[in-house]
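Let me begin by presenting the structure, written as structure tokens, before commenting on it.
What you see is a predicted model, and the numbers here were worked out from it, not measured in a lab.
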Amino acid sequence: MQSGVGGTMEEITAAAKGRGGVEVEAEVEEGPRFRRVCVFCGSSSGKRSSYRDAAVELGKELVARKMDLVYGGGSLGLMGEVSEAVHNAGGNVIGSITGETVGEVVAVSGMHQRKAEMARNADAFIALPGGYGTLDELLEVIAWAQLGIHTKPVGLLNVEGYYDFLLAFIDKAVDDGFIRPAQRHILVSAPHARDLVHKLEEYAPVEEDDPATPKLRWEMEQVGYS
């Protein structure tokens, strides 16, 4: 019987045996769980060099794991750092904005379509340090996961504790009954890119029915998410 990979099944089986007829279990390299990761981050680099270092580290980690970068398309600040890191290492970059960027550009008509386009093209989300815009993008995809609109993992790259106060706020909201305990686990965090991507790959979606979900799914279709 032909295997379709350069020999008969018998030949391949024989080649996988060591001396003395002992069959050796061949190691098969698995591909990445995600093909594309959307990164939210600031158009400023911040005041600490560690933020820029983390953006570059994340870009290199994505390329090492053969994952494409989806981002807002800017060339300044941490957005520029992470996109340049991916591009310079030979990775694929998809920017959802018109204007100066690297890699593929997806034209959008406004902010709502931009966020929906980024979410639609991604298999997972990561937030680097950033300001209001980064928080807006991050909290929206968390809320979409809470409502069952998607089951994609969301992660915080918590560089030098940058997001400690946000994580403390979420824990407070759980304690005071505004966020269900199970939904606390929609978001994962780690201080380093490699650890965070590993956590995202192990993520198991939180599945809870919400009566508002069907209507919100329809609304998302109108801006091109699905």
State, with a plain yes or no, whether a side-chain heavy atom of [X] is found less than 4.5 Å away from one of [Y].
X: Ile94; Y: Tyr71; result: no
X: Leu138; Y: Val154; result: yes
X: Thr134; Y: Pro129; result: no
X: Leu58; Y: Ile126; result: yes
X: Arg65; Y: Glu201; result: yes
X: Val188; Y: Pro153; result: no
X: Leu69; Y: Val37; result: no

For residues 160-178, run the donor-acceptor check on the side chains, cut-off 3.5 Å, and write out each pair with its distance to 0.1 Å, sequence neighbours left out.
{"unit_1": "Glu160", "atom_1": "OE1", "unit_2": "Arg48", "atom_2": "NH1", "d": "2.7"}
{"unit_1": "Glu160", "atom_1": "OE2", "unit_2": "Ser50", "atom_2": "OG", "d": "3.3"}
{"unit_1": "Tyr162", "atom_1": "OH", "unit_2": "Gly130", "atom_2": "O", "d": "2.6"}
{"unit_1": "Tyr163", "atom_1": "OH", "unit_2": "Leu128", "atom_2": "O", "d": "2.7"}
{"unit_1": "Asp164", "atom_1": "OD1", "unit_2": "Asn158", "atom_2": "ND2", "d": "2.8"}
{"unit_1": "Asp171", "atom_1": "OD1", "unit_2": "Arg184", "atom_2": "NE", "d": "2.6"}
{"unit_1": "Lys172", "atom_1": "NZ", "unit_2": "Asp176", "atom_2": "OD2", "d": "3.3"}

Spacing of [atom1] belonging to [X] relative to [atom2] belonging to [Y], to within rounding of 0.5 Å:
X: Met67; Y: Asn92; atom1: CE; atom2: CG; answer: 14.0 Å
X: Phe40; Y: Met79; atom1: CZ; atom2: CE; answer: 10.5 Å
X: Leu78; Y: Ser44; atom1: CG; atom2: OG; answer: 7.0 Å

Within one Ile-Leu-Val-Met-Phe-Trp-Tyr cluster: [X] and [Y], side-chain cutoff 4.5 Å:
X: Val86; Y: Val56; value: no
X: Leu135; Y: Val39; value: yes
X: Ile142; Y: Leu147; value: yes

Evaluate the ring planes of His150 and Phe125, with Trp represented by its six-membered ring, and classify them as parallel (under 30°), tilted (30 to 60°) or perpendicular (over 60°).
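Plane angle between 30° and 60°, so tilted.
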Tell me, with the steps shown, if Val82 and Cys41 meet side-chain contact (heavy atoms from CB on, under 4.5 Å).
CA-CA 9 Å; Val82 67; Cys41 56; 4.3 Å; yes
Main-chain N/O of Glu84 paired to Asn88 side chain as donor or acceptor, under 3.5 Å
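Yes; judged by distance alone, with no hydrogens or angles, the pair exists.
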Show the nearest heavy-atom pair for residues [X] and [Y], with the distance to one decimal.
X: Ala85; Y: Gly59; result: CB-CA, 4.1 Å
X: Gly77; Y: Ser45; result: CA-OG, 3.3 Å
X: Ala55; Y: Glu81; result: CB-CB, 3.8 Å

Report all side-chain donor-acceptor pairs from residues 189-200 shorter than 3.5 Å, counting only partners two or more places apart or in another chain.
{"unit_1": "His198", "atom_1": "NE2", "unit_2": "Glu202", "atom_2": "OE2", "d": "3.1"}
{"unit_1": "Lys199", "atom_1": "NZ", "unit_2": "Ser189", "atom_2": "O", "d": "2.7"}

